[in-house]
Amino acid sequence: MAARMRSPTFFRLFIGLTLVVLLSDLAFLATNYVAGRDALARAMQQEGEKLRSGFAVAMTMTYANMLQLARFVSTDPRVQRTFHEGKRAVEAEGGGPGGEGAAVARQALLELVRERWEQMQAEFGVRQLHFHLAPGSLSFLRVHAAGKFGDRMDDVRHIIVDTNNDGKARTGLETGRIYTGLRGVVPVVALPEDGGGHFGAVEVGSSFQPIVSALDRQLGAGIAVLLRHEHVDSNMWQEYVDKYFPGEPGACDCFVEATSRDDIYAILRDPVFGSIRGKAATDAVSLGERVYAVTRFPLFDYTAEAHPGTPPVGSVVLWTDDTEAVNAFRRSQWVNLGLGVFGFLLVELLLWGGMRLVARRMASELAIRTAELEEQTARLEKSNGELDRFASVISHDLQAPNRAVVSYLGLLEEKLAGTLDDEGKEFLGFAVEGGRRMAAMIRDLLAYSRVGRDPAPPEPVALDDVLASVRLDLALAIEEAGATLEVGPMPTVMGRAGDLTRVFDNLIANAVKYRSPERAPLVRVWAERDGERWCIAVEDNGIGVPMEYRARIFDFFQRAGQKPGIDGTGIGLAVVKKVVEMHGGSIWMDTAPSGAGSVFRFTLPAADRSASP
Ligand code: ADP
């Protein structure tokens with residue numbers, strides 16, 4: 001039994017459950033992996049945000065410094081006077097670089113600011129000090145490149161043009177002819193004795209390099225500022241482009257304007273940096289053994305900030321070495337995988353053991369139950385057989401003495417015919433009648449005990465034929481009663497013809513026997529399909545069965561309280577019920593649909609599953 005449970009149902013069940021366990025295990029691993037990966041990405045993202053705000057703070061501070069230093073220069077009356085003299089000379093000497101007078105004023109201005117310029121460079125990382133004349137931007141003196149002056153930059157230096165136009169101080173990022181800087185620009189106003197009013201601007205600028213170096217030290221992150229080729233080429237003089245960006249790798253369509261570490265060149269070779277115009281993002285980039293969290297965001301210059309929608313001039317890249325965090329994540333995934341495999345094997349082991357245990361228990365339970373059932377069935381079969389044999393023997397053995405009683409009573413009746421008084425004749429009559437009834441009961445009992453004795457297996461039986469033979473058997477009774485027997489189309493069922501003949505014989509005989517004196521007897525037989533069975537009905541318009549007897553009429557010797565004079569033993573319907581049930585069907589009785597009479601219905605197995613009469 002146990003062996004039967006383990007194959008193949010056992011294995012199918014085991015494999016099915018294994019699949020469920022495996023899927024749950026995989027789901028557990030996947031969820032863990034995704035959660036770990038997301039946490040790592042979130043940590044990188046947050047780190048990126050922090051670096052980004054650090055960078056923004058540094059920019060703001062630098063702008064404030066530049067503006068302060070520019071004011072420090074522009075508010076010196078000697079500077080105001082000398083620069084104003086220069087302005088007048090340029091105007092008198094034909095604009096542009098001007099002539100002799102302009103050169104004298106330029107030299108004087110240079111001398112005036114030289115000391116401060118050196119201080120600014122040394123202490124504040126200033127890279128540029130530039131005097132511009134209004135309107136627009138005409139370079140009067142580049143303290144940081146004293147040999148270059150007199151050029152117009154109206155189309156490049158928008159921050160200067162704007163300050164020269166409205167006299168308001170400004171800060172911003174801008175790429176000029178010589179370099180890209182974080183600039184503070186303030187107007188220069190003429191002294192009252194020179195007529196007042198702003199006539200030019202002074203600009204102090206710093207590059208990104210000191211910012212990135214300081215931030216790297218503070219934040220422990222690599223920082224680089226990248227500028228798009230196109231932007232640089234369209235603003236700077238070529239000689240300065242060549243000077244500041246010699247032999248740059250063209251990895252990203254950009255120049256490295258400033259960087260705190262050389263890693264940037266390797267990072268830029270990563271495909272993530274195909275274009276630096278992308279939106280702000282943090283990505284993991286592997287460089288050899290190390291993994292970096294690289295954050296980048298676009299960089300906008302003065303013009304782009306004033307005009308939203310203008311493309312960025314480059315981008316800022318910040319990176320931290322996240323190798324440890326990534327390795328910790330990888331280690332945790334290995335641990336997870338180990339746990340997953342271990343858990344899976346453990347569950348499988350328990351499953352296998354548990355299922356074997358259950359299978360064994362079930363098998364032994366089943367064996368016990370089956371044995372009990374077999375024993376019970378055998379006992380029942382034995383006692384049924386004994387009962388049937390007993391009934392058969394009894395009725396058979398009763399027949400002979402009963403026949404003797406009846407025939408001797410008949411002889412006695414003949415012999416005493418002249419001598420008996422009326423009462424004696426009546427008593428003898430009762431005795432003869434009793435003997436006859438006894439004979440009928442013995443006959444019916446014998447018939448009952450014979451039901452199911454036929455050892456032949458069930459076979460298709462055409463009920464048309466059965467009914468034809470029943471009609472013949474009952475022809476006399478039908479005729480005497482003046483009854484009509486209507487038989488509808490009859491199906492073929494599985495059964496034994498002899499037993500089925502007995503069923504119709506009893507039912508139709510009863511239908512005729514229990515007729516109503518008020519109407520001509522009519523008996524109808526028809527069949528209806530009911531799934532894999534046939535439901536047969538035998539309907540009459542007779543006296544019907546009172547409600548209180550209906551439950552009992554199929555029992556042995558049970559007769560409904562009909563009027564005396566109708567012969568019967570109370571065994572016919574018991575025989576019918578036994579036959580129907582031995583065919584696997586059931587039988588019940590109702591009032592006829594017409595309202596008068598009875599209808600007996602019973603089911604029988606159809607000979608085929610789809611036939612119709
Ligand atoms: P019986 O030998 O008395 O006819 P049955 O077992 O055939 O015995 O029937 C049991 C009782 O059921 C009958 O005595 C009768 O009262 C009632 N019965 C059977 N068939 C009909 C019928 N078609 N109409 C009215 N009563 C019936």
Side-chain angles (χ1 to χ4, degrees), residues 51 53-83 86 106-132 137 139-149 157 159-160 163 168-189 200-225 227 236 240 243-244 256-261 299 301-302 316 318:
L51 295 176
S53 31
F55 181 82
V57 170
M59 291 274 281
T60 310
M61 301 293 289
T62 306
Y63 281 136
N65 275 343
M66 296 305 112
L67 206 57
Q68 232 171 2
L69 292 172
R71 282 211 192 281
F72 174 52
V73 173
S74 72
T75 50
D76 179 338
R78 289 173 303 163
V79 169
Q80 286 169 284
R81 156 114 351 119
T82 314
F83 186 23
R106 189 171 293 116
Q107 190 54 38
L109 195 56
L110 188 60
E111 292 304 325
L112 255 177
V113 297
R114 188 186 299 279
E115 201 178 323
R116 264 174 284 187
W117 163 240
E118 273 157 15
Q119 267 176 347
M120 284 182 196
Q121 285 184 94
E123 290 170 30
F124 301 102
V126 167
R127 193 173 155 189
Q128 174 214 29
L129 179 60
H130 198 162
F131 290 85
H132 302 259
S137 167
S139 173
F140 178 71
L141 169 62
R142 285 182 173 91
V143 181
H144 53 290
K148 302 265 180 190
F149 55 82
R157 303 304 318 280
I159 188 167
I160 308 294
T163 294
K168 285 186 184 143
R170 282 181 170 73
T171 58
L173 164 65
E174 202 159 65
T175 301
R177 294 295 182 212
I178 292 179
Y179 90 121
T180 299
L182 303 161
R183 305 160 191 273
V185 182
V186 298
V188 183
V189 180
V202 66
E203 171 189 28
V204 175
S206 170
S207 71
F208 279 106
Q209 196 54 52
I211 299 185
V212 298
S213 303
L215 274 179
D216 189 316
R217 279 194 302 278
Q218 289 297 316
L219 303 174
I223 304 173
V225 176
L227 294 175
M236 281 173 71
Y240 286 92
K243 183 174 163 192
Y244 291 132
V256 177
E257 165 66 24
T259 184
S260 67
R261 303 178 195 185
L299 181 69
D301 68 355
Y302 171 78
V316 180
L318 297 130

**Message:** side-chain contact (heavy atoms from CB on, under 4.5 Å) for Val79 and Arg116? Distances and angles first, verdict last.
**Reply:** CA-CA 12 Å; Val79 169; Arg116 264 174 284 187; 4.1 Å; yes
**Asked** For the residue pair Leu69 and Met120, what are the closest heavy atoms and their distance?
**Response** O-CE, 4.0 Å
**Asked** What pair of heavy atoms forms the shortest contact from Met66 to Gly205, and how long is it?
**Response** SD-C, 3.7 Å
**Item:** CD/Gln218: more than 12 non-hydrogen atoms of other groups inside 6.0 Å
**Value:** no
**Value rounded to 0.5 Å, distance of CZ in Arg78 from CG in Leu112** = 5.0 Å
**Message:** Please verify the inter-ring angle class for Phe131 with Phe83; under 30° counts as parallel, over 60° as perpendicular, anything in between as tilted.
**Reply:** perpendicular
**Asked** Do the charged groups of Glu174 and Arg183 touch, with an N to O distance under 4.0 Å?
**Response** no
**Message:** Tell me whether the count of non-hydrogen atoms from other residues, nucleotides or ligands lying under 6.0 Å of CD in Glu115 goes above 12.
**Reply:** no
**Request:** Apply side-chain contact (heavy atoms from CB on, under 4.5 Å) to the pair Thr175 and Asp301, showing each step before the final yes or no.
**Result:** CA-CA 8 Å; Thr175 301; Asp301 68 355; 5.7 Å; no
**Message:** Let me confirm one number: the CE-CG distance from Met59 to Leu182, rounded to the nearest 0.5 Å.
**Reply:** 5.0 Å
**Message:** Go through it in stages, so that I can follow the logic: the residues are Leu109 and Phe140, the test is side-chain contact (heavy atoms from CB on, under 4.5 Å), and I'd like the CA-CA distance, side-chain angles, deciding distance and then a yes or no.
**Reply:** CA-CA 10 Å; Leu109 195 56; Phe140 178 71; 3.9 Å; yes
**Item:** Exercise: identify the closest heavy-atom pair between Ser206 and Gly125
**Value:** OG-O, 3.4 Å
**Message:** Has Ser260 got a side-chain atom pairing as donor or acceptor with Ile223's backbone, closer than 3.5 angstrom?
**Reply:** yes
**Request:** Using the ring of Phe149 (Phe, Tyr or Trp, six-membered ring only), decide whether Arg106 places NZ or CZ under 6.0 Å from its centre and within 45 degrees of its axis.
**Result:** yes
**Message:** Please report the interatomic distance OH(Tyr244) to OG1(Thr180), rounded to the nearest 0.5 Å.
**Reply:** 10.0 Å
**Asked** Is the backbone N or O of Leu173 less than 3.5 Å from a side-chain atom of Tyr63, with the two atoms forming a donor-acceptor pair by type?
**Response** yes
**For the student: nearest non-hydrogen atoms of Ala70 and Val202, plus distance** = O-CG1, 3.5 Å
**Message:** Side chains of Leu299 and Phe208, heavy atoms from C-beta outward: is any pair under 4.5 Å?
**Reply:** yes
**Asked** What pair of heavy atoms forms the shortest contact from Ala146 to Leu110, and how long is it?
**Response** CB-CD2, 4.1 Å
**Fill in**
Given the options Arg142, Gln128, Arg170, Glu203 meets side chain to side chain donor-acceptor pair (under 3.5 Å) only with Gln128
**Message:** Could you check whether any side-chain N or O of Gln209 sits under 3.5 Å from a backbone N or O of Ala258, counting only pairs where one atom can act as donor and the other as acceptor?
**Reply:** no
**Message:** Quick check: closest heavy atoms across Gly184 and Thr171, and the distance to 0.1 Å?
**Reply:** CA-CG2, 4.2 Å
**Message:** So, taking the atom named OH in Tyr240 and the one named NZ in Lys148, what distance separates them when rounded to the nearest 0.5 Å?
**Reply:** 4.5 Å
**Item:** Pairwise distance OG(Ser213) to CZ(Arg261) - rounded to 0.5 angstrom
**Value:** 11.0 Å
**Request:** Walk me through it: do Trp117 and Val126 pass the test side-chain contact (heavy atoms from CB on, under 4.5 Å)?
**Result:** CA-CA 8 Å; Trp117 163 240; Val126 167; 3.7 Å; yes
**Item:** Heavy-atom donor-acceptor pair, Thr163 side chain to Lys168 backbone, under 3.5 Å
**Value:** yes
**Any Val186 side-chain heavy atom under 4.5 Å of Leu67 side chain** = yes
**Request:** Find the distance between NE2 (His130) and CZ (Arg157) and round it off to the nearest 0.5 Å.
**Result:** 7.5 Å
